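The structure appears below as structure tokens.
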2 protein chains.
Amino acid sequence: MDSLSAIRIVLIDTTHPGNIGATARAMKVMGLKQLVLVRPRHFPDATATAMASGAADLLTDAIVVDSLDDAIADCRLVLGTSARPRSLEWPMLASREAAVHLHQVVQAGQSAAQTAILFGTESVGLSNEQLQRCQYRIEIPANPDYSSLNLAQAVQVISYELRQAFLTEQKPDQPPQSHASHALADDRSVESFLERFHQMIVELDILNPAQPKMLMQRIRRLFMRARLETSEVSILQGIISAVLAGQHRDK
Amino acid sequence: MDSLSAIRIVLIDTTHPGNIGATARAMKVMGLKQLVLVRPRHFPDATATAMASGAADLLTDAIVVDSLDDAIADCRLVLGTSARPRSLEWPMLASREAAVHLHQVVQAGQSAAQTAILFGTESVGLSNEQLQRCQYRIEIPANPDYSSLNLAQAVQVISYELRQAFLTEQKPDQPPQSHASHALADDRSVESFLERFHQMIVELDILNPAQPKMLMQRIRRLFMRARLETSEVSILQGIISAVLAGQHRDK
């Protein structure tokens, strides 16, 4: 995940130091490192350090500059986050597409391709001039009635998408939610379990004489869907044995 | 995007009211509305309101309860966010898959299928007992060296993924793994079933005195994974009743 370190997060004219700290944390949990602050109002600051939690090292390493020029001079791709379209429409990428695109650019670059993502001041975001330093505007799809993400939240979402884009490349086919397959019960033991389950409900005398097969069909479907593991079959078999023992004592 | 309102965000034992406010904002920008607070330490609170920014209405509408039972009794699918695997592994979905899955469940249900996502206390997250009320654990892929997202940031990422899932057109070759969600048993009836199951195995005298809780944990995990339907719970309750009747005759 080293290539995430080629991505620079740039905060411009940040008013609240808490947002800078929360940004550092949002970055670090997703594996980003480079933080550049253009004219932060209060920095360094105890509130920033507190909000950074375990990411205070990113604050220590953060570079503070006076102008956006200094922040992005070496960058080959600059994206600016902005909720609102501008009077002059700017090429736009949604957050997910932007992350995928950034990933492609970084992968393609032989040397570390510096890329930057800009975030403007809390109240009004990026100015037109600042946005025009970007190849793309990034839009985070949001509620049209209320689309104003907190600054650090926007950093979190973008950082998360970046990690997803970089992860997806490395693990093409992660099957979701799979058991370790050695743990799954084999067909033979599942069938054996279902036979004994059937035996149990016959002895418990709870079958519907009009539709005797329906109950076991539903039971079967339930347990098939559960993808039983060998240990679970053992447990269930033990319960059935206890029930049958009780029934046999009774008769 | 109305169906996003079928999704309930549940914060349990939240320490810092600022996180509650930031959560409300994170939700509203993504179109979510339902917020339930289980034993918030300080609420209502001026800090929460301030951090909520334009989402103070979600705080006003938030429901405060004493127990997790009350927060999710009517929910048919409950997911819990947790960074760390547990000693007894619980079915896991990464954040993106979880959002896609929730979307499918909500789409499949004709009436509003209540689903909930649980977030634990800031310091340690969800307890084992709380996680075991969930069909799935959600994991947000993060930096293995530092994976501790701020609570409201985790809500932001999940909410963002939910909006993304609801925005994305459902692909025609979507694997049919979801139930019609109106058929899913709600938390209240699943808990009632598991209590009676426990009662049954106590009376069958098959608990391991050295590890009395282990068997029910595994049983619980099995049935959570099975995603029980209301008809199946009825069937299983009927079987338990017959077993208990047999046991009581025996004594």
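By convention in this document, chain letters (A, B, ...) are assigned in the order of the sequence lines, proteins followed by strands, and residues within each chain are numbered from 1. Computed from a prediction, not measured in an experiment: that's the story for all the values here. Reckoned from all heavy atoms, side chains included, excluding hydrogens, waters and symmetry mates.
Interface residue A:Leu222: backbone and side-chain heavy atoms are both found under 4.5 Å from chain B. Contact annotation for A:Ile235: only side-chain heavy atoms (C-beta onward) come within less than 4.5 Å of a heavy atom of chain B. Neither the backbone nor the side chain of A:Ala154 comes within contact range of chain B, judged by heavy atoms closer than 4.5 Å. With a threshold of 4.5 angstrom between heavy atoms, B:Ala98 does not approach chain A through any atom at all. In this structure, chain A has a heavy atom under 4.5 Å from the backbone of B:Ser147, while its side chain stays farther away. With a threshold of 4.5 angstrom between heavy atoms, B:Ile206 approaches chain A through side-chain atoms but not through N, CA, C or O. Using a 4.5 Å cut-off between heavy atoms, A:Leu32 makes no contact with chain B at all. Looking at B:Ile201, the atoms closer than 4.5 Å to chain A (heavy atoms on both sides) all sit in the side chain, from C-beta outward. The contact between A:Ser53 and chain B is made by backbone and side chain atoms together, counting heavy-atom distances below 4.5 Å.
You'll find the side chain of A:Ile158 reaches within 4.5 Å of the side chain of A:Phe119, heavy atoms only.
With no hydrogens or angles considered, no side-chain donor-acceptor pair links B:Ser95 and B:Tyr160 at under 3.5 Å. At a cut-off of 3.5 Å, with distance as the only test, no side-chain donor of A:Gln237 or A:Ser189 sits close to an acceptor on the other residue.
Salt-bridge check for B:Glu229 with A:Arg221: passed, with a basic side-chain N closer than 4.0 Å to an acidic carboxylate O. The residues A:Asp57 and A:Lys28 are annotated as salt-bridged, a charged nitrogen and a carboxylate oxygen being separated by less than 4.0 angstrom. Looking at B:Arg227 and B:Glu232, no side-chain N of the basic residue comes within less than 4.0 Å of a carboxylate O on the acidic one, giving no salt bridge.
Per-residue heavy-atom pair counts under 4.5 Å with chain A were compared for B:Met200, B:Gln164, B:Arg96, B:Glu161, and the maximum is reached by B:Arg96. Counting heavy-atom pairs closer than 4.5 Å to chain A, the top residue among B:Gln156, B:Arg137, B:Glu89 is B:Gln156. Your options are B:Ala22, B:Ala26, B:Ala152, and the one with the most heavy-atom pairs under 4.5 Å with chain A is B:Ala152. When each of A:Val157, A:Val243, A:Leu149 is checked for heavy-atom pairs under 4.5 Å with chain B, A:Leu149 comes out on top. Comparing A:Ala55, A:Pro141, A:Gly238 by how many heavy-atom pairs each has under 4.5 Å with chain B, the most go to A:Pro141.
Although no hydrogens or angles enter the test, the distance criterion places a donor-acceptor pair under 3.5 Å between the side chain of A:Arg163 and the main chain of B:Ala142. Judged by distance alone, with hydrogens and angles left aside, the side-chain atoms of A:Glu97 form a donor-acceptor pair with the main-chain N or O of A:Ala94 at under 3.5 Å.
In summary, of the residues considered (B:Thr121, B:Asn150, B:Thr14, B:Thr47), a side chain to side chain donor-acceptor pair (under 3.5 Å) with B:Asn19 occurs for B:Asn150 alone.
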